[in-house]
Amino acid sequence: MLYHENFRPKYHFSPKSHWMNDPNGLVYHKGTYHLYYQFYPDSTVWGPMHWGHATSDNLRDWKHQPIALEPDSLGYIFSGSAVIDHQNTSGFGTEENPPLVAMFTYHEPNGAQAKTNDYQYQGIAYSLDNGKTFTKYEGNPVVPNTEGFIDFRDPKVFWHEASQKWILILVAGDRALFYNSENLKDWNYLSEFGKDTGAHGGVWECPDLFPLKVAETGETKWVLLISINPGAPNSGSGTQYFVGEFDGEHFTTSQTEELWIDLGRDNYAGITYNNLPGEDRIFIGWMSNWEYGQQVPTEKWRSAMTLPRKLNLHNNNGYFLSNFPVAAITDQLEKQKPETIKEDGILHFKNPKLNQAEISFSLPSPVTDFEIMLSNDDGERLSISYNAAQNTYSLDRSLSGLTDFADSFAKPVMKAPARFTAGDSVPFSIFLDTSSIEFFADGGANALTAVFFPKKPYTHFQLKTDAPVSELSLTPIPSIWNTENQ
């Protein structure tokens, strides 16, 4: 029965069946949030890439749609983005019915197998029915691989109001390349960024660039997301970011510290929505890691997405991003105050709905040492702790359930340097969903995401701390899946 299999998340997006990885083409139009994604409809491991498709009207409940883009003679359909061409600069639609234009990487498998250096290049397709069906542009590729980059992919496109042009960011090996265009078809190279900046332990992937106002001052900065695989701080895949300036041609930063959007091991390849009303910036990532993503012990499907998260930019001893699930996940749900027992400095409760819920609480600032333990009746457990002397969070899933399907899954313990905003108390939230945990400290100034595979649901919560605990609550989150959208 669909969405009742072992380990199946209940309120995170996952495909009906088969393999999924990067989110693609995140765009909002006419009341619909589109989630396209890398999809292989014939296996539960990676294969010839398509764009799968799902839609939502609230970022909580998703409906599966038919496959949006399939491979053709130019290659597989790798990652990319989508925009609404409001002024019909491309000529694909009209100003009354502006086209939704997707830009993606073609990956030509024969060239890849022959180890040529020009088998990845960029194509576009357009939709005149709000993203349901696409027509590929007959002039593809629109950005050929003339420089012979081995990795030349993952186009992110957006409209730059100040220059009145479309901006394209691509990644090429270990750097980002910037282009502009007046019509989405003819692109001009502008500049590059990153050859000597940031982490370079692996290939750069899935760029994104957008402006954000600093919460404390109201000034506007530009944020560049770059996913990297391998080379993340806790091994394998991760997403770094840079805070700086963009003038329509060049991105610059004075940042010297490596910054990561999430220091758990299972948040990768995330990008943000185009065309949102207002200035909100909403992010979705792939909730897995290339070190073991094709080996996790699910049977009919593989992978889920993170919850959609709102990004905010702060400046407290340096610029940094916070990210926290959008309000729609829980704003219509009832918070419960669990009945707790406290013994030997450990606060404990048991609840059968724990493994499909948000658990939240607050501790006084400055935060002292604590440990959270989540477990089931069989003793499988996952812990999150904070060491005040080292100012570091740790997440340990080595005893969380099934771990022997991949040598790298259980180790190392995930470590994350802590950041805090100003305040007398610090809020903490845990979103637990069958086989995943998303931990947020201080409103998302710190984030750790991890998957795990217990044989039984987690029902026990323990919090060991000498500090007074306030605002402890449990919010059960119902399944978003029913027979209508399966």
Side-chain angles (χ1 to χ4, degrees), residues 22-23 26 79 81 151-158 160 162-163 167-180 189-217 219-234 237-264 267-274 279 281-285 309-323 416-417 419 421 444-447:
D22 308 1
L26 302 186
S79 294
S81 56
D151 300 293
F152 184 61
R153 57 178 182 258
D154 306 343
K156 180 62 192 272
V157 181
F158 66 94
H160 185 242
S163 64
I167 300 296
L168 161 66
I169 313 106
L170 288 171
V171 279
D174 63 349
R175 69 199 76 176
L177 307 179
F178 296 85
Y179 300 75
N180 69 11
Y189 172 77
L190 299 171
S191 62
E192 71 170 51
F193 169 81
K195 183 179 179 183
D196 302 311
T197 308
H200 286 272
V203 175
W204 281 25
E205 297 188 308
C206 303
D208 198 356
L209 179 67
F210 47 86
L212 271 183
K213 285 186 177 179
V214 178
E216 291 77 9
T217 64
E219 67 174 321
T220 296
K221 305 290 286 187
W222 285 79
V223 178
L224 175 66
L225 304 183
I226 297 286
S227 288
I228 178 173
N229 178 64
N234 283 304
S237 313
T239 300
Q240 63 179 325
Y241 65 91
F242 305 89
V243 181
E245 309 293 341
F246 181 67
D247 62 3
E249 294 189 2
H250 302 85
F251 177 81
T252 56
T253 183
S254 57
Q255 176 181 318
T256 55
E257 178 187 6
E258 284 185 16
L259 298 174
W260 301 83
I261 202 164
D262 186 318
L263 280 153
N267 185 347
Y268 188 61
I271 56 173
T272 65
Y273 268 89
N274 278 333
E279 297 181 346
R281 187 56 59 170
I282 307 298
F283 167 99
I284 296 177
R309 303 178 184 185
K310 182 180 178 182
L311 302 183
N312 287 300
L313 184 60
H314 300 273
N315 188 357
N316 184 11
N317 297 318
Y319 295 103
F320 65 93
L321 283 177
S322 66
N323 62 119
R419 288 184 177 272
T421 56
N446 311 273

* Asked: How far apart are the closest heavy atoms of Trp204 and Val171, and which atoms are they?
  -> O-CG2, 3.4 Å
* Asked: Looking at side-chain heavy atoms only, is the closest gap between His314 and Tyr319 below 4.5 Å?
  -> no
* Measure the spacing between OG of Ser191 and CG of Asp247 and express it to the nearest 0.5 Å. => 8.0 Å
* Asked: Under 4.5 Å between any side-chain heavy atoms of Ile284 and Leu26, yes or no?
  -> yes
* Asked: Under a 4.0 Å N-O cut-off, is there an ion pair linking Asp154 with Lys156?
  -> no
* Asked: Looking only at atom types and distance, does a side-chain atom of Asn274 sit under 3.5 Å from a main-chain N or O of Val157, one as donor and one as acceptor?
  -> yes
* Name the orientation class of the two ring planes belonging to Phe242 and Phe251 (parallel below 30°, tilted from 30 to 60°, perpendicular beyond 60°). => perpendicular
* Structure fact -> Closest non-hydrogen contact found for Pro233 with Leu263 is CG-CD2, 3.6 Å
* To do: Identify the heavy atoms of Ala176 and Ile169 that sit nearest to each other, and give their distance.
  => CB-CG2, 4.1 Å
* To do: May I ask you to decide if Asn315's main-chain N or O and Glu216's side chain share a donor-acceptor pair within less than 3.5 Å?
  => yes
* Does the Glu245 side chain pair with the main chain of His250, one donor and one acceptor, at a distance under 3.5 Å? -> no
* side-chain contact (heavy atoms from CB on, under 4.5 Å) evaluation trace for Thr272 with Val223 -> CA-CA 11 Å; Thr272 65; Val223 178; over 6 Å; no
* Within the distance-only criterion (no hydrogens, no angle test), does the side chain of Asn323 pair as donor or acceptor with the backbone N or O of Ile261 below 3.5 angstrom? -> yes
* Asked: Given the rule in the side-chain contact (heavy atoms from CB on, under 4.5 Å) test, do Val203 and Arg153 qualify, once you have shown the distances and angles that lead to the verdict?
  -> CA-CA 11 Å; Val203 175; Arg153 57 178 182 258; 3.7 Å; yes
* Roughly how far, to the nearest 0.5 Å, is the CG atom of Leu190 from the CG atom of Leu168? -> 9.0 Å
* Rounded distance (nearest 0.5 Å) linking atom OG1 of Thr239 with atom CD1 of Ile226 -> 9.5 Å
* Could you name each residue pair satisfying salt bridge (Lys or Arg N to Asp or Glu O under 4.0 Å) that touches residues 248-261, not counting sequence neighbours? => Glu257-Arg419
* Structure fact -> In terms of heavy-atom contacts, Phe320 and Ala445 come closest through CE1-CB, 3.7 Å
* To do: Could you check whether the rings of His160 and Phe158 sit parallel, tilted or perpendicular, using 30° and 60° as the cut-offs?
  => perpendicular
* Atom pair CG (Leu311) and CD1 (Ile282), whose distance is rounded to the nearest 0.5 Å -> 7.0 Å
* Spacing of Asn446 atom CG and Asp262 atom CG [to the nearest 0.5 Å] -> 10.0 Å
* May I ask you to check whether Thr421 and Asn316 show a side-chain donor-acceptor distance below 3.5 Å? => no
* **Pair Leu313-Val243, side-chain contact (heavy atoms from CB on, under 4.5 Å): steps then yes or no** => CA-CA 9 Å; Leu313 184 60; Val243 181; 4.0 Å; yes
* **Any donor-acceptor N/O pair, His200 side chain to Arg175 backbone, under 3.5 Å** => no
* Considering non-hydrogen atoms only, spot the tightest contact between Ala199 and Ile228 and give its length. => O-CD1, 3.4 Å
* Do you know which two heavy atoms are closest between Gly270 and Ser227, and how far apart they sit? -> N-OG, 4.0 Å
* Quick one: ring-ring contact (aromatic ring centres under 6.0 Å, His included) partners of Phe283, sequence neighbours excluded? -> none
* Given side chains that start at C-beta, do those of Ser79 and Glu205 come closer than 4.5 Å, heavy atoms only? -> no
* How long is the gap from CD on Gln240 to CH2 on Trp260, to the nearest 0.5 Å? -> 4.5 Å
* Could you check Phe193 against Thr253 for side-chain contact (heavy atoms from CB on, under 4.5 Å), going step by step and ending with a plain yes or no? => CA-CA 10 Å; Phe193 169 81; Thr253 183; 3.7 Å; yes
* Structure fact -> Sorted by chain and number, sequence neighbours left out, ring-ring contact (aromatic ring centres under 6.0 Å, His included) with Tyr179 holds for Tyr189
* Asked: Below 4.0 angstrom, N of the basic side chain to O of the carboxylate: do Glu219 and Lys213 qualify?
  -> no
